[in-house]
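Written out below as C-alpha cells is the structure these notes cover.
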Amino acid sequence: MTATFAPGECVAVAFHPGTGAAVVGEHGGTAAWPPGRADDEIARLERSAGPRWIWWGPDTARALVAAGVRPARCWDLDAVHRLLHGGWRSGPARVWAAANELDAAGIPTIAPVDLFHLESPDAGEGVVRADGHLDPGWVEGGWHADLECLSEWAELALQVQRAQDAALAELDRRPAAPATARAESAASLLCAELEHDGLPIEVPTAEAIIATYIGPRPTDATDEARLAAVRDELVLRHLPIGDIDLRNPANVKSLLRRAGIEVPDTRAWRLEQLRDRHPIIEALLAWRKAERIATTFGYRWLDEHVGPDGRLRGRWSSSDGAAGRMTATAGLHNLPAELRPAVVAESGRVFVRADLGQIEPRILAAVSGDESLIAATLDDDMYAPVAARLGVTRDIAKVAVLGAMYGQTTGQGAVALRGLESAYPTAMGYLDDAARRAEGGNDLRTRGGRRVPMSASTDSGNDDGPGREERSRAAARGRYGRNAMIQGAAAEFFKTWAVIVRARAATHGAQIVLCLHDELLVHAPGDAADAVRDIVDDGVQEARYRWSPGAGVRFVADTSVVSRWSDAK
DNA sequence: TGCGGCTATTG
DNA sequence: CACAATAGCCGCAG
C-alpha cells in the first residue's frame, strides 16, 4: 500500500540501515519499507512531495547521507531541543522528557546487567512507560528492532515536533524562533554532509609544508624520537645546563633564568618582546612552532584525518558550546594559516569562499535595535562612522566596540567605552542588561530563541559569602552572558546563511566543505563558479530577511573564487 | 587514569 | 591576552 503525502507536509521518519524505514505524515499517512527499498522510497518521496522530514537527531541525518539521500527540508528534534533548552545535553530520552514537561532527573537508565540480554523491548511495557518517560530499552536500540517499532518511533517524533512547535510559538518577543529552529535543523543536516564530504586536501603539498618545519616523515618511532632530540638540541646548545625538558614550562622558566631573563609565563607573545635579550629566545620560538606541527598538525594528523580520497574529515556539531556555534574536530576550525595552501579544490572545480564582514557589531546593531548603530552598518566599514562619532581613531573605535561586546573594563578601549555609552546608549544598554542578568545567574535567550543557561554555572562550591572569589565569578558570568547574546545571534545568522547556500548550491552540484563561524567554503564545479558566487552573495540578504525581518541593518560579505583556500583574502 | 594548568592555533 | 572553540603534553592526585 502506498500512502500519499501533501507537498511540504511534515513527515516523521525513523530510519535504520539494517531494519528499514518508517514514515508518518502529520495528516496521518504512513508507510514502512524493508532495508532493500528504504533508501529508494525515501528518495522518491523527497522528489515527489518534498516534505519537511522530522527525525530524532544527527544519527538519522548521518544514516540518510550515507545512504545517498540529501533532503532539502528537515526538523531535527535534537537540534531544536538544544535551541529551546540550552546546553549540549540531548538525546531522545531528554528530548522526550522536555517535550512532555517531565523532570530530566527521572529519566530511567538500564541497569548494567540488563545490557547483556537486551534483544527487544519488554513485552509487558510499551515505549512510553507509566511514569511518562521513554523505555530505556527502546532508546538504546529497541526502536529499530523491526518495522513496527520504527513506525512507533516515527509517531513519537511527530508528537515531539508538535510540542516543540508550540513551545517556539510561545517564546516571548521572538518571532524569528521558528525560522531559527528550521535553520538549526538544516545546519545539523549540513554537519552530517560536512562529515561525509570532507575538506579537499592536496596531501603532497601538506607534507611539503610540514617538512619545512620538522623535516621528512620519520621512518619509525625511534627515528621520530631522534628527530625530536635534534630539535631540542638546537635550543639547548645555547645554554648547556643539564636536564631541561622544553615541554615543561617550569623547566623553560629556569632555563631562561640562566640567561638572566625572568618571566611570569613563557607564552609566545611575551617571549617575542624579549627577542634581543638572548639568542635562545629565537631558537625557543622556532622550536615551539616546530613542536606544534610535530604533535598536532604533522604526519600523524594527516594519516589519521585525511582519507585516501584526499578529504580531511572531522566530527561536526551544529550547536555546541556556550552560544550555539558550530564546532569541528580534526583541526578543521584551527588549521594554522601556514597549512592553508594545502587546501585545494579538486580538478575541474573551484572554491567559492566568502566571509561575513564585521558580523558581530552588525549583529549588535540588529539585536539591540540601536538606530545610530544601525545607521553605521550602512558603511562598508562600520568602525569608520563610529570613530567619527566618538572623535577617536578607527583602531580605538574598533577596540572599544569589541571590548564592549567582550566585557573588557581595562585598557585603551575602556576610555572610549564611555563615548560609546553616550553615542549608542541603546546598544550599550542591551549589553549591560545581558551582563547584569547573567551576573545574577539568570538564564538568557538569544534573538533567535536559544537559551543560554546561567543558573547551572553558578555553583560556587565552598566560599564564605560575597568575597573576591564570588565577585570575580559573577563578573566572569557577566562577560560570558554579554558575549553569548552577540556570538550566539551571530551563529544563528551564519547558519541561516549557510543553509540557504547549501540548498541553492546543491542544484549546481556544489557543496559546502567548510564552515568557519563567519566564513563559508563552497566546492563548486568550475563552470558553476559565477552562479554559486551569486548564490553566496544573495544568500546574505536572504538570511538577513529570514533571521530578522524588517530590520534596517546592512550585512556584507567578501566573496572570491579561488583554487586554493590561501589565495583568498 | 583522570583532571587542572599551560601552551598554541583559529574566529 | 577580554569572548568562544579543539588539542597536545606535563605534573599531580588517586
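A note on names: the letters A, B, ... follow the listed sequences, proteins ahead of strands, and every chain is numbered from 1.
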Distance in angstrom units between A:L339 CG and C:dA7 P, rounded
16 Å
Return the value, rounded to whole Å, for the distance between atom CG of A:N248 and atom P of C:dC10.
8 Å
Taking only the side-chain heavy atoms of A:N483 (C-beta and beyond), determine which of B:dG11, C:dC3, B:dA8 contains the nearest atom.
C:dC3
Does A:R479 put a side-chain nitrogen or oxygen below 4.0 Å from OP1 or OP2 of C:dC3?
yes
Can you classify the ring geometry of A:F555 versus A:W547 as parallel (below 30°), tilted (30 to 60°) or perpendicular (above 60°)?
perpendicular
Out of C:dG8, B:dT9, B:dG11, which nucleotide sits closest to the side chain of A:T296?
C:dG8
May I have the distance from A:W301 (atom CH2) to B:dA8 (atom P), rounded to whole angstrom?
19 Å
Of the candidate nucleotides C:dG8, C:dA5, B:dA8, which contains the atom at the shortest distance from the side chain of A:T295?
C:dG8
Once you apply a heavy-atom cut-off of 4.0 Å, does A:R340 come out as touching a base, just sugar-phosphate, or nothing?
sugar-phosphate
N-O pairing of A:D223 and A:R226 below 4.0 Å:
yes
Nearest-angstrom distance from the residue atom CZ of A:R482 to P of C:dC3:
11 Å
Does A:R247 come within less than 4.0 Å of A:D232, counting only side-chain N to carboxylate O?
yes
If each of A:R300 and A:A322 is mapped to the nucleotide of DNA chain C with the nearest heavy atom, which maps nearer the 5' terminus, i.e. the 5' end?
A:A322
Please report, rounded to the nearest Å, how far the C1' atom of C:dA4 is from the CD atom of A:Q408.
16 Å
Which part of the nucleic acid, if any, lies within contact of A:R247, taking any heavy atom under 4.0 Å across all strands shown: a base, the sugar-phosphate backbone alone, or nothing?
sugar-phosphate
Describe the nucleic acid contact of A:A250 in one word from base, sugar-phosphate, nothing, applying a heavy-atom distance below 4.0 Å.
nothing
With a 4.0 Å cut-off on heavy atoms, is A:A328 in touch with a base, just the backbone sugar-phosphate, or nothing at all?
sugar-phosphate
Most 5' of A:R270 and A:R292 on DNA chain C, judged by nearest nucleotide
A:R270
Would you kindly give the CZ-to-P distance between A:R450 and C:dA4, to the nearest whole Å?
15 Å
Proximal nucleotide (of C:dT6, C:dG8, B:dT7) relative to the A:N334 side chain
C:dT6
Between A:R450 and A:E184, is there a side-chain N and carboxylate O pair less than 4.0 Å apart?
yes
Distance test, side-chain N/O of A:R267 to OP1/OP2 of B:dT7, below 4.0 Å
yes
Interatomic distance where CH2 belongs to A:W287 and C1' belongs to C:dG8 [whole Å]
11 Å
Short side-chain N/O contact to C:dA4 OP1/OP2 from A:T327, under 4.0 Å:
no
Indicate yes or no: does A:R504 engage A:D538 in a salt bridge with an N to O separation below 4.0 Å.
no
For A:L332, report the nucleic acid contact type (base, sugar-phosphate, nothing); a contact means any heavy atom under 4.0 Å.
nothing
Select base, sugar-phosphate, or nothing to describe what A:D265 touches, counting heavy atoms under 4.0 Å on all strands.
sugar-phosphate
Tell me whether the NZ or CZ atom of A:R231 lies within the 45° cone about the ring axis of A:W287 and under 6.0 Å from its centre.
no
Looking only at B:dC6, B:dG11, B:dA8, the nucleotide nearest the A:L516 side chain is B:dG11
May I ask you to say what A:G407 touches in the nucleic acid, namely base, sugar-phosphate or nothing, with a heavy-atom cut-off under 4.0 Å?
nothing
Which nucleotide sits closest to the side chain of A:T329: C:dC9, C:dT6, B:dA8?
C:dT6
Angle between ring planes, A:H81 versus A:H85, binned at 30° and 60°: parallel, tilted or perpendicular?
tilted
Can you tell me how far C1' of C:dA5 sits from CD of A:Q487, to the nearest Å?
8 Å
Report yes if a side-chain nitrogen or oxygen of A:K253 is closer than 4.0 Å to either non-bridging phosphate oxygen (OP1 or OP2) of B:dC6; otherwise report no.
no
Identify whether any heavy atom of A:A484 sits under 4.0 Å from a base atom; if not, whether one sits that close to sugar-phosphate; answer base, sugar-phosphate or nothing.
nothing
